[in-house]
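Right, one structure below, let's go through it.
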Amino acid sequence: WSFTDSKINHLFSEDIKEIKIINPISSDLNVLRNSIFSNLIIYLSKNLDRGFKDISLFEIGPIFLGSKPGQQKTIVSGLRAGKVSRLNWLEKDRPVDFFDIKQDVIKSLVETGFNQNKLYIDDKTPNYYHPGKSGRIFLNEDRKNILAYFGEIHTNIIKKIDIKTESLVGFEIFLDNIKQSNKTLNNQKNQYEYS
């Protein structure tokens, strides 16, 4: 759904006005989402309540910055909670962290065709990320179009939504700021076959 609970949505809205739904299908789906995190948090919480501890969720879809046409963006968002290697007897378990989610974002961008060495990272992120444990990624030094945000979700938000997990990290990739490659999969396949 592009609808979400206003109680969770406002934690991720960053001073963007919420768009209330006049006749919502339920009381907990009463606004259009400003962030996919609000929906992912709901499903993360349900899974944690069912006893799952190590969770990775993602969604691709729109977020709404206003009620007019063109005031929406297509985003890929993901959350990881819990520990890495909890059930692995070869490695010691540890909470997921900033470096895990950074690796997820960079690998995703590399898979879409970006050169990892040409990505620029700084630490200016929305206030729902933990300062010092988050970052944003640009394709160029001019820092015009943000490709992604990533990092630990701020501890104040985790307390407000009352999620019981060892660690919570997330990312947002802005698909509208990624230019499509002119090469199709068939062109790439043929190129590799005949080289």
Side-chain angles (χ1 to χ4, degrees), residues 2 4 8-19 32-41 44 55-81 84 94-158 167-185 187-188 191:
S2 291
T4 194
I8 298 172
N9 188 63
H10 84 277
L11 298 171
F12 300 100
S13 66
E14 275 281 288
D15 301 326
I16 299 169
K17 184 180 175 188
E18 285 186 330
I19 303 165
L32 288 174
R33 64 185 177 194
N34 297 115
S35 170
I36 294 179
F37 282 160
S38 55
N39 288 53
L40 290 177
I41 290 286
L44 179 78
I55 303 169
S56 296
L57 300 172
F58 80 96
E59 182 180 343
I60 301 171
I63 61 165
F64 298 87
L65 308 175
S67 58
K68 296 178 182 169
Q71 291 183 318
Q72 69 183 42
K73 293 182 179 181
T74 305
I75 308 282
V76 178
S77 288
L79 287 174
R80 289 182 71 180
V84 176
R94 63 173 177 77
V96 292
D97 62 17
F98 165 82
F99 298 104
D100 294 316
I101 205 70
K102 178 181 176 184
Q103 182 180 20
D104 291 344
V105 171
I106 290 176
K107 280 185 176 180
S108 298
L109 292 172
V110 167
E111 285 296 318
T112 63
F114 290 105
N115 181 342
Q116 181 175 345
N117 299 324
K118 294 188 177 181
L119 298 175
Y120 296 89
I121 300 174
D122 70 16
D123 62 352
K124 293 176 177 59
T125 55
N127 62 11
Y128 47 85
Y129 287 103
H130 192 292
K133 296 181 182 179
S134 58
R136 63 181 178 170
I137 301 176
F138 299 91
L139 182 58
N140 299 314
E141 285 183 278
D142 61 10
R143 290 173 165 70
K144 282 189 179 176
N145 289 325
I146 300 169
L147 291 180
Y149 289 121
F150 63 91
E152 289 186 18
I153 303 301
H154 202 289
T155 51
N156 291 342
I157 290 180
I158 294 172
S167 180
L168 181 59
V169 294
F171 70 84
E172 300 164 286
I173 299 174
F174 302 96
L175 293 181
D176 297 333
N177 294 344
I178 297 176
K179 292 183 181 176
Q180 295 258 334
S181 171
N182 291 334
K183 293 182 179 180
T184 65
L185 288 176
N187 290 344
Q188 292 175 7
Q191 177 186 359

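When a residue number appears, it is its place in the shown sequence, counting from 1.
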Q.
Do Ile178 and Leu147 have side chains that approach each other closer than 4.5 Å (heavy atoms only, starting at C-beta)?
A. yes
Q.
Using side-chain heavy atoms (C-beta onward) and a distance below 4.5 Å, is Phe174 in contact with Asn145?
A. no
Q: Given side chain to side chain contact (heavy atoms under 4.5 Å, CB included), test Lys102 with Ile121 step by step and report yes or no.
A: CA-CA 10 Å; Lys102 178 181 176 184; Ile121 300 174; 3.7 Å; yes
Q: Report the distance from atom CD1 of Ile19 to atom NZ of Lys17, rounding to the nearest 0.5 Å.
A: 8.5 Å
**Q.** Minimum heavy-atom distance between Gly135 and Phe98, given as atom pair plus value
**A.** N-CE1, 4.3 Å
Q: Could you tell me the separation between the CD atom of Gln71 and the CG atom of Leu32, rounded to the nearest 0.5 Å?
A: 11.5 Å
Q.
Any non-hydrogen side-chain atom of Leu79 less than 4.5 Å from a side-chain atom of Ile153?
A. yes
Q: Could you check Tyr129 against Phe150 for ring-ring contact (aromatic ring centres under 6.0 Å, His included), going step by step and ending with a plain yes or no?
A: CA-CA 8 Å; Tyr129 287 103; Phe150 63 91; 8.0 Å; no
(Q) Checking the side chain of Asn39 only, and the main-chain atoms of Ile36 only, is there a donor and an acceptor separated by less than 3.5 Å? (A) no
(Q) Could you tell me if the side chain of Ile75 sits less than 4.5 Å from the side chain of Phe37, heavy atoms only? (A) no
Q | Smallest separation among heavy atoms of Ile173 and Ser108, with atom names | A | CD1-CB, 3.9 Å
**Q.** Exam field: side chain Ser167 to backbone Asp97, donor-acceptor pair closer than 3.5 Å
**A.** no
Q. Between Ala148 and Val105, which heavy-atom pair has the shortest distance, and what is it?
A. CB-CG1, 3.7 Å
Q: State, yes or no, whether a side-chain contact exists between Ile157 and Ile41 at a heavy-atom distance under 4.5 Å.
A: no
Q.
Closer than 3.5 angstrom, by distance alone: can the side chain of Arg80 be matched with the main-chain N or O of Val169 as a donor-acceptor pair?
A. no
Q: Determine the minimum heavy-atom distance between Lys73 and Asp176, stating which atoms define it.
A: CA-OD2, 3.2 Å
Q) Do the side chains of Ser77 and Leu40 get nearer than 4.5 Å, heavy atoms only? A) yes
Q: Look up atom CD1 in Ile60 and atom CZ in Phe58, then write down how far apart they are to the nearest 0.5 Å.
A: 5.5 Å
Q: To the nearest 0.5 Å, tell me how far Arg94 CZ sits from Asp100 CG.
A: 4.0 Å
Q. Of all residues at least two apart in sequence or in a different chain, which pass the ring-ring contact (aromatic ring centres under 6.0 Å, His included) check with Phe64?
A. none
Q.
With a 4.5 Å cut-off on side-chain heavy atoms, are Leu119 and Phe138 touching?
A. no
Q: Any chance you could measure Glu172, atom CD, to Tyr128, atom OH, to the nearest 0.5 Å?
A: 3.5 Å
Q.
Strictly below 4.0 Å, N to O, side chains only: are Glu59 and Arg33 in salt-bridge contact?
A. yes
Q) Between Asn177 and Leu139, is any pair of side-chain heavy atoms under 4.5 Å apart? A) no
**Q.** Donor-acceptor side-chain pairing of Asn9 and Glu18 below 3.5 angstrom
**A.** yes
Q. What distance separates Glu14 CD from Thr125 OG1, expressed to the nearest 0.5 Å?
A. 8.5 Å
Q. Between Gly151 and Ile101, what is the shortest heavy-atom contact and its length?
A. N-CG2, 3.6 Å
Q | Residue pair Lys124 / Tyr149: nearest heavy atoms and the distance that separates them | A | O-CE2, 3.7 Å
